[in-house]
Colleague: 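Before anything else, here's the structure in question.
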Amino acid sequence: MFNIILFGPPGSGKGTQSEKLIARYGLKHLSTGDLLRNEIATATPLGLEAKGFMDKGQLVPDEVVIGMISTALDANPAAKGFLFDGFPRTEAQSVALDKLLQFKQTSIGVVLAMEVSEEELIKRLLNRGLSSGRSDDTNEVVIRARIVEYHKKTSVVADYYSRFNKVVHINGEGTVEEIFTALCGEIDKRIS
Ligand code: B4P
């Protein structure tokens, strides 16, 4: 089993690159953002709780997302590996993920950290907001709050995995294909 974390600030290309990576490597895609948006779309109690945080650009509480990931891991016993997209986003989530994977006698193979300048992130997200219908993409104040939240709570995830020598930094600016090639190069080095 080979498990990957695709890491980066909001708008860095995690969702975009995940689609391409799962098609190439046959991994199971687990995006906490997508899982949360499904809960909101079906108006579950969890979704209603999450929406309040997401609309303000804040992270959803750890126990909610850790529970969702635990359920998703259990629901896919035959997966040949997982691609975690947008998870973990705090140190507590990282510790919880390591424990869940240990229980399955596996671990994270690599953390691919995409780096993109703040102005480019804002430009991409506002642009996506024109067509995505996502309330967290249309307001620049909320987008900036998401980036602040990233620096405050999420950037430590890279520090956490650096302790285990698992982080590779990737330039997240360029064409989607150029970035995909760089990501695949790092994965191929580790699986061949
Ligand atoms: P997510 O759904 O994870 O979304 P994201 O960080 O906004 O975007 P992503 O990085 O995937 O977007 P992409 O660049 O692909 O999170 C949304 C919210 O959910 C969070 O704010 C939080 O509230 C909550 N949440 C999710 N996970 C959580 C967790 N673990 N804990 C707590 N809360 C959690 O796309 C951006 C745009 O850029 C697209 O329009 C794309 O087309 C464009 N783009 C991509 N690559 C490009 C390139 N190379 N050049 C130009 N444009 C590009």
Side-chain angles (χ1 to χ4, degrees), residues 1-39 41 50 59-60 62 64-116 124 128 132 134 150 154-155 157-192:
M1 211 183 213
F2 193 75
N3 305 297
I4 298 169
I5 293 174
L6 201 52
F7 181 77
S12 55
K14 302 184 296 288
T16 304
Q17 295 294 336
S18 289
E19 292 304 322
K20 297 172 72 65
L21 291 169
I22 54 164
R24 166 153 321 182
Y25 295 101
L27 301 170
K28 174 73 190 163
H29 182 201
L30 291 184
S31 156
T32 39
D34 288 350
L35 291 170
L36 289 166
R37 281 185 289 277
N38 283 341
E39 298 282 342
L59 293 183
V60 173
D62 284 336
V64 174
V65 282
I66 291 168
M68 271 185 352
I69 285 288
S70 174
T71 305
L73 288 176
D74 288 344
N76 291 281
K80 62 183 240 191
F82 292 94
L83 174 63
F84 296 97
D85 160 9
F87 180 89
R89 259 177 156 101
T90 63
E91 180 153 345
Q93 292 180 21
S94 313
V95 173
L97 177 61
D98 279 356
K99 281 199 189 127
L100 288 170
L101 292 178
Q102 208 172 25
F103 193 64
K104 293 188 171 296
Q105 297 182 325
T106 183
S107 62
I108 292 298
V110 68
V111 178
L112 299 167
M114 290 189 291
E115 293 176 345
V116 176
R124 287 184 190 179
R128 182 171 67 184
S132 67
R134 276 179 57 172
Y150 170 82
T154 305
S155 55
V157 169
D159 303 335
Y160 173 84
Y161 285 102
S162 292
R163 285 183 232 149
F164 309 103
N165 261 332
K166 292 197 171 169
V167 181
V168 178
H169 295 275
I170 301 278
N171 179 4
E173 295 194 35
T175 67
V176 169
E177 277 313 315
E178 282 165 355
I179 299 161
F180 180 61
T181 302
L183 293 168
C184 291
E186 294 299 336
I187 295 169
D188 292 344
K189 270 190 227 166
R190 288 165 176 80
I191 58 176
S192 54

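Predicted, not measured: the structure shown is a model, and the values here were computed from it.
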Colleague: Closest heavy-atom contact between Ser18 and His29?
Modeller: CB-NE2, 3.4 Å
Colleague: Under the side chain to side chain contact (heavy atoms under 4.5 Å, CB included) test against Ile4, which residue among Leu112, Leu21, Val111 passes?
Modeller: Leu112
Colleague: Please check: side-chain N/O of Gln93 versus main-chain N/O of Arg89, any donor-acceptor pairing under 3.5 Å?
Modeller: yes
Colleague: Show the nearest heavy-atom pair for residues Val167 and Ala113, with the distance to one decimal.
Modeller: CG1-CB, 4.1 Å
Colleague: Just by distance, do the side chain of Lys166 and the backbone of Ile108 share a donor-acceptor pair under 3.5 Å?
Modeller: yes
Colleague: For Thr16 and Phe180, run side chain to side chain contact (heavy atoms under 4.5 Å, CB included): C-alpha distance rounded to whole Å, both residues' side-chain angles, the deciding distance at 0.1 Å, then the answer.
Modeller: CA-CA 9 Å; Thr16 304; Phe180 180 61; over 6 Å; no
Colleague: Where do Thr32 and Gly86 come nearest, in terms of heavy atoms and distance?
Modeller: OG1-O, 3.0 Å
Colleague: Specify the closest pair of heavy atoms between Gln17 and Leu6, including all atoms of both residues, with the distance to one decimal.
Modeller: CB-CD2, 4.0 Å
Colleague: Evaluate whether atom NZ of Lys104 has more than 12 neighbouring non-hydrogen atoms of other residues, nucleotides or ligands under 6.0 angstrom away.
Modeller: yes
Colleague: Kindly indicate, with the supporting measurements, whether the criterion side chain to side chain contact (heavy atoms under 4.5 Å, CB included) is fulfilled by Gln105 and Met1.
Modeller: CA-CA 9 Å; Gln105 297 182 325; Met1 211 183 213; over 6 Å; no
Colleague: May I ask you to decide if Leu73's main-chain N or O and Lys28's side chain share a donor-acceptor pair within less than 3.5 Å?
Modeller: no
Colleague: Under 30°, 30 to 60°, or over 60°: which ring-plane class applies to Phe87 and Phe84, parallel, tilted or perpendicular?
Modeller: tilted
Colleague: Let me see the working for Lys189 and Val168 under side chain to side chain contact (heavy atoms under 4.5 Å, CB included), right down to the final yes or no.
Modeller: CA-CA 12 Å; Lys189 270 190 227 166; Val168 178; over 6 Å; no
Colleague: For Gly8 versus Lys14, what's the shortest heavy-atom pair and its separation?
Modeller: O-NZ, 3.1 Å
Colleague: For Gly172 versus Ile179, what's the shortest heavy-atom pair and its separation?
Modeller: O-CD1, 3.2 Å
Colleague: List the steps, then state whether side chain to side chain contact (heavy atoms under 4.5 Å, CB included) holds for Leu183 with Lys20.
Modeller: CA-CA 10 Å; Leu183 293 168; Lys20 297 172 72 65; over 6 Å; no
Colleague: Between the side chain of Ser70 and the main-chain N/O of Ile66, is any donor-acceptor distance below 3.5 Å?
Modeller: no
Colleague: Taking Asn3 for the side chain and Phe82 for the main chain, is one N or O donor matched with an acceptor at less than 3.5 Å?
Modeller: yes
Colleague: Under a 4.5 Å cut-off applied to non-hydrogen side-chain atoms, are Leu36 and Met68 in contact?
Modeller: yes
Colleague: Gln102 side chain to Ser107 main-chain N or O, any donor-acceptor pair under 3.5 Å?
Modeller: no
